[in-house]
Novice: 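Dumping the structure here so I can ask a few things about it.
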Amino acid sequence: MNRLPIIIDTDPGQDDAVALLLAAASPELELLGVTTVAGNVPLALTTLNARKVLELAGRTDVPVCAGADRPLDVPLVTAEHVHGDTGLNGVDLPEPVLPVDARHAVDFIVQTLREREAGTVTLCPLGPLTNIALALRQAPDIATRIRRIVLMGGGFFEGGNVTPAAEFNIYVDPQAAHEVFTSGVPITMAPLDVTHEVLTAANRIDAIRALPNRVGAVVAAWMEFFERYDEEKYGQDGGPLHDPCVIAWLLKPDLFTGRNCNVRIETQSELTRGMTVIDWWAVTGLPANAQVLRHADADGFFALLTQRLARLG
């Protein structure tokens, strides 16, 4: 099997944690490393959480490198009101033994892209895009070496989830997002429009809880904690499972539909800072710079997730 080499850049977060587990359980993917960024919670916690999740998955072979502790040019905004004070509220995992790699996340990304054959490594950012922008700033040559950036972020038809206009990951560091979307690297984005179609309904959580391993019970507990915020906000059964859409698209792209669009990032406006201005109807005449996912087969997504989580432990 030719495995797809990936680096996951993340700010765990329960949904980030589930994405990490999905990647760790999928033999099609070669998980080269996990880099962490400040986002859902501060950097010390996102780095701790990434180590805990990899240990839960039995993947202590994967290096964890800590990265940016703040956005490029705005104060850090975090989301403890969604994810809890640890970022992984819902279940207590043991303190990890897996050490933090001595390399900075940005150095790890640059080094790995230069060492690997050009056009083979996919970057999977699940949080603010600070580390990716810093890597492109530090080493512009890597832009042509990245196979693709597959990210969770943005929104169009669904609007925003942290302001009326902006999705959290893009809002936290809009300048970084602007630099990534203008880098020329091929991009696939999973915005709120698609993630809001994969909801953690009770029957889906029950199927995961019933798995004959520790992972099933942990993921079910995370989902039940994480979904309460969105259930109250949107008045629905279940919350959107955002970040695993990135990994699911890599594994089974036919679960998703979308189109190539021009996407620009608002960095200045007080009212719409962090908005992803997606030219869905091609009215600007500007060239497409991203594949924007729009719809998902939710049952197929959860079948894939449940089947893969069953492989762990």
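A quick note: this is a predicted structure, and the numbers were derived from the prediction, not measured.
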Novice: Quick one: do F226 and T200 satisfy side-chain contact (heavy atoms from CB on, under 4.5 Å)? Show the steps, please.
Specialist: CA-CA 9 Å; F226 178 66; T200 59; 5.7 Å; no
Novice: Check for me, please, whether L305 and L4 land in the same ILVMFWY cluster - side-chain distances under 4.5 Å, paths through other members count.
Specialist: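 Yes, same cluster.
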Novice: For L98, does its backbone N or O pair with a side-chain atom of T60 as donor and acceptor, under 3.5 Å?
Specialist: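 Not at all, since once roles are kept as given, no pair shorter than 3.5 Å links the two residues.
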Novice: Please list every donor-acceptor pair under 3.5 Å in which a side-chain atom of residues 204-215 meets a protein atom from a residue at least two apart or in another chain.
Specialist:
from : atom 1 : to   : atom 2 : distance (Å)
R204 : NH1    : L199 : O      : 2.8
R204 : NH2    : D299 : OD1    : 2.8
D206 : OD1    : R209 : NH1    : 2.9
R209 : NH2    : E224 : OE1    : 2.9
R209 : NH2    : E224 : OE2    : 2.5
N213 : OD1    : G216 : N      : 3.0
N213 : ND2    : L309 : O      : 2.9
N213 : ND2    : L312 : O      : 2.6

Novice: So, the side chain of T272 versus the backbone of M275: is there a donor-acceptor pair under 3.5 Å, distance only?
Specialist: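 Absent.
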Novice: Please determine whether side-chain contact (heavy atoms from CB on, under 4.5 Å) holds for the pair T163 and Y171, giving the CA-CA distance in whole Å, both sets of side-chain angles, and the decisive distance to 0.1 Å.
Specialist: CA-CA 8 Å; T163 74; Y171 178 81; 3.6 Å; yes
Novice: Compute whether any side-chain donor of one residue and acceptor of the other, for N131 and T35, lie under 3.5 angstrom apart.
Specialist: no
Novice: Could you measure the distance from the CG atom of D9 to the OG1 atom of T36? Nearest 0.5 Å is fine.
Specialist: 7.5 Å
Novice: Which residue pairs satisfy the side-chain hydrogen bond (donor to acceptor under 3.5 Å, both in side chains) criterion with at least one member in residues 50-59, sequence neighbours excluded?
Specialist: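 Of all non-adjacent pairs touching residues 50-59, those that pass side-chain hydrogen bond (donor to acceptor under 3.5 Å, both in side chains) are R59-D61.
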Novice: To the nearest 0.5 angstrom, please state how far the SG atom of C124 sits from the CG atom of L29.
Specialist: 7.5 Å
Novice: Show your reasoning for whether side-chain contact (heavy atoms from CB on, under 4.5 Å) applies to L32 and V121.
Specialist: CA-CA 9 Å; L32 302 177; V121 176; 4.0 Å; yes
Novice: Verify, without hydrogens or angle tests, whether S183 (side chain) and V185 (backbone) share a donor-acceptor contact under 3.5 angstrom.
Specialist: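 Yes; at least one donor-acceptor contact below 3.5 Å.
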Novice: So which pairs with a foot in residues 303-313 pass salt bridge (Lys or Arg N to Asp or Glu O under 4.0 Å), sequence neighbours left out?
Specialist: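 Residue pairs passing salt bridge (Lys or Arg N to Asp or Glu O under 4.0 Å), neighbours aside: E28-R308.
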Novice: At what distance, to the nearest 0.5 angstrom, does NE2 of H83 lie from CG of N49?
Specialist: 10.5 Å
Novice: List the atom of L43, the atom of A66, and the distance in Å for their closest heavy-atom pair.
Specialist: CD2-CB, 4.3 Å
Novice: Is it the case that one hydrophobic cluster holds both I170 and V41, taking links as side-chain heavy atoms less than 4.5 Å apart, direct or via other members?
Specialist: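 Shared cluster, no.
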Novice: Apply side-chain contact (heavy atoms from CB on, under 4.5 Å) to D11 and F168, showing your working.
Specialist: CA-CA 12 Å; D11 61 337; F168 178 81; 4.2 Å; yes
Novice: Got E30 and R116 here, is their nearest side-chain heavy-atom distance under 4.5 Å?
Specialist: yes
Novice: Taking the side chain as every heavy atom from C-beta outward, state whether N169 and E167 have any pair of such atoms under 4.5 Å apart.
Specialist: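 N169 reaches E167 side chain to side chain.
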Novice: Answer yes or no: is there a side-chain heavy-atom contact under 4.5 Å between V34 and C65?
Specialist: no
Novice: Knowing that exactly one of D15, T78, D16, T10 qualifies, which makes a side chain to side chain donor-acceptor pair (under 3.5 Å) with N40?
Specialist: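 Output: one option passes, namely D16.
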Novice: Is it true that a side-chain atom of T112 and a backbone atom of I109 form a donor plus acceptor pair closer than 3.5 Å?
Specialist: no
Novice: So, for V198 and C245, which heavy atoms are closest and what is the spacing to 0.1 Å?
Specialist: CG2-SG, 3.6 Å
Novice: Decide whether I265 and V172 are clustered together by the hydrophobic rule: side chain heavy atoms of Ile, Leu, Val, Met, Phe, Trp, Tyr closer than 4.5 Å, transitively.
Specialist: no
Novice: Roughly how far, to the nearest 0.5 Å, is the CG atom of D141 from the CG atom of L113?
Specialist: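 Spacing of CG (L113) from CG (D141) equals 9.0 Å.
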Novice: Side chains of L134 and Q138: does their closest heavy-atom pair fall under 4.5 Å?
Specialist: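 No. Closest side-chain heavy atoms not under 4.5 Å.
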Novice: State, to 0.1 Å, how close P12 and A17 come at their nearest heavy-atom pair, and which atoms those are.
Specialist: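 Taking P12 first and A17 second, the nearest heavy atoms are CB-N, 4.5 Å.
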Novice: Is the closest side-chain heavy-atom distance between F108 and D101 below 4.5 Å?
Specialist: no
Novice: Are the side chain of N289 and the backbone of F181 linked by a donor-acceptor contact shorter than 3.5 Å?
Specialist: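 Yes: the side chain of N289 pairs with the backbone of F181.
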Novice: Out of curiosity, L45 CG to L88 CG, how far, rounded to the nearest 0.5 Å?
Specialist: 9.0 Å
Novice: How would you list all residue pairs meeting salt bridge (Lys or Arg N to Asp or Glu O under 4.0 Å) that involve residues 272-296, not counting sequence neighbours?
Specialist: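 Listed by first then second residue: nothing to list.
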Novice: Is there a donor-acceptor contact under 3.5 Å from the side chain of E197 to the main chain of A296?
Specialist: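 Looks like yes, one N/O pair under 3.5 Å.
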Novice: So how far is it from F302 CZ to N203 CG, rounded to the nearest 0.5 Å?
Specialist: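 These two atoms lie 9.0 Å from each other.
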Novice: Donor-acceptor pair, S269 side chain versus E266 backbone, under 3.5 Å?
Specialist: no
Novice: Only pairs under 3.5 Å count here: list side-chain donor-acceptor contacts from residues 247-261, not counting sequence neighbours, and write none if there are none.
Specialist:
from : atom 1 : to   : atom 2 : distance (Å)
R259 : NH1    : W280 : O      : 2.8

Novice: Considering all heavy atoms of both residues, which atom of P128 and which atom of D173 are nearest to each other, and what is their separation?
Specialist: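 That would be CB-CB, 4.4 Å.
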Novice: Are I6 and V53 linked, directly or through other ILVMFWY residues, by side chains that come within less than 4.5 angstrom of each other?
Specialist: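 Per the 4.5 Å side-chain linkage, I6 and V53 are co-clustered.
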Novice: Do I132 and V246 sit in the same hydrophobic cluster, where Ile, Leu, Val, Met, Phe, Trp and Tyr count as joined when their side-chain heavy atoms come under 4.5 Å apart?
Specialist: no
Novice: Would you say that H178 contacts R264 through its side chain, given a criterion of any heavy-atom pair below 4.5 Å between the two side chains?
Specialist: no
Novice: How far apart are the closest heavy atoms of A23 and I8, and which atoms are they?
Specialist: CB-CD1, 3.7 Å
Novice: When you compare the side chain of V263 with that of M189, does any pair of heavy atoms fall below 4.5 Å?
Specialist: yes
Novice: Please examine the side chains of M223 and Q14, heavy atoms only from C-beta on, and report whether any two atoms are closer than 4.5 Å.
Specialist: no
Novice: Of all heavy-atom pairs between V64 and A50, which one has the smallest distance, and what is that distance?
Specialist: CG1-CB, 4.2 Å
Novice: We want to know whether N89 and E80 form a side-chain donor-acceptor pair, criterion being a heavy-atom distance below 3.5 angstrom.
Specialist: no
Novice: Please tabulate, one pair per line, all N/O donor-acceptor pairs under 3.5 Å involving side-chain atoms of residues 147-157, not counting sequence neighbours.
Specialist:
from : atom 1 : to   : atom 2 : distance (Å)
R148 : NH1    : I187 : O      : 3.3
R148 : NH1    : T188 : OG1    : 2.9

